[in-house]
Amino acid sequence: MMLRKNAKLEFVRVLRGYVEVGFPTKFTIILEAIDAGVKKKCRAEILQDASNYCELLVLQSFEVVSGSPET
């Protein structure tokens, strides 16, 4: 299942999240969002690069996991 290009998502809630400690640190967040009136479960992967004394967060990926979220 894919998101429409330039989709306007409405954030509902965070379902779960976890961190993989290493270099760079990787955060994975499973969230619930509404796209065109339909609730969807999405996964965002964010990398944190703390090199050169500058903390930088980069969205690595964002994808729909399923059409109906877990509760």
Side-chain angles (χ1 to χ4, degrees):
M1 186 173 294
M2 304 228 358
L3 292 172
R4 296 171 294 129
K5 187 174 182 176
N6 296 322
K8 183 177 180 182
L9 297 177
E10 178 183 344
F11 170 78
V12 177
R13 65 185 172 143
V14 172
L15 299 173
R16 70 177 173 262
Y18 51 94
V19 178
E20 289 181 35
V21 179
F23 186 78
T25 303
K26 179 179 171 183
F27 300 92
T28 302
I29 301 169
I30 307 297
L31 58 96
E32 185 178 289
I34 297 175
D35 177 27
V38 178
K39 281 188 181 178
K40 296 181 179 181
K41 187 169 69 169
C42 303
R43 176 176 45 232
E45 293 184 350
I46 300 116
L47 297 179
Q48 179 184 26
D49 183 5
S51 62
N52 299 327
Y53 304 102
C54 176
E55 291 195 18
L56 178 67
L57 296 173
V58 177
L59 180 63
Q60 185 70 24
S61 68
F62 188 88
E63 60 188 359
V64 174
V65 178
S66 72
S68 59
E70 295 177 352
T71 55

Test side chain to side chain contact (heavy atoms under 4.5 Å, CB included) applied to Gln48 - qualifying residues, sequence neighbours left out | Thr25, Phe27, Glu55, Leu57

Under 4.5 Å between side-chain heavy atoms, chaining through other members, with only Ile, Leu, Val, Met, Phe, Trp and Tyr counted: pull out the rest of the cluster around Val12, sorted by chain and number.
-> Ile34

At their closest point, which heavy atom of Asp35 faces which heavy atom of Lys8, and how far apart are they?
-> OD1-O, 4.4 Å

Do Ile46 and Ile29 come close enough that some side-chain heavy atom pair is under 4.5 Å?
-> yes

Side-chain hydrophobic cluster, 4.5 Å single linkage: members besides Leu56 = Val58

Side chains of Leu9 and Phe62 in contact at under 4.5 Å (non-hydrogen atoms) | yes

State, to 0.1 Å, how close Cys42 and Val65 come at their nearest heavy-atom pair, and which atoms those are.
-> C-CG2, 4.0 Å

Side chains of Arg43 and Glu63 in contact at under 4.5 Å (non-hydrogen atoms) = yes

For Glu10, enumerate each residue passing the salt bridge (Lys or Arg N to Asp or Glu O under 4.0 Å) test, keeping only those at least two apart in sequence or located in another chain.
-> none

So, are Lys40 and Glu32 salt-bridged, with charged N and O less than 4.0 Å apart?
-> no

Go through Val19 and Lys26 one step at a time and tell me if the side-chain contact (heavy atoms from CB on, under 4.5 Å) criterion holds.
-> CA-CA 6 Å; Val19 178; Lys26 179 179 171 183; over 6 Å; no

Are Phe11 and Leu59 connected in the hydrophobic side-chain network, where two residues link if heavy atoms are under 4.5 Å apart?
-> yes

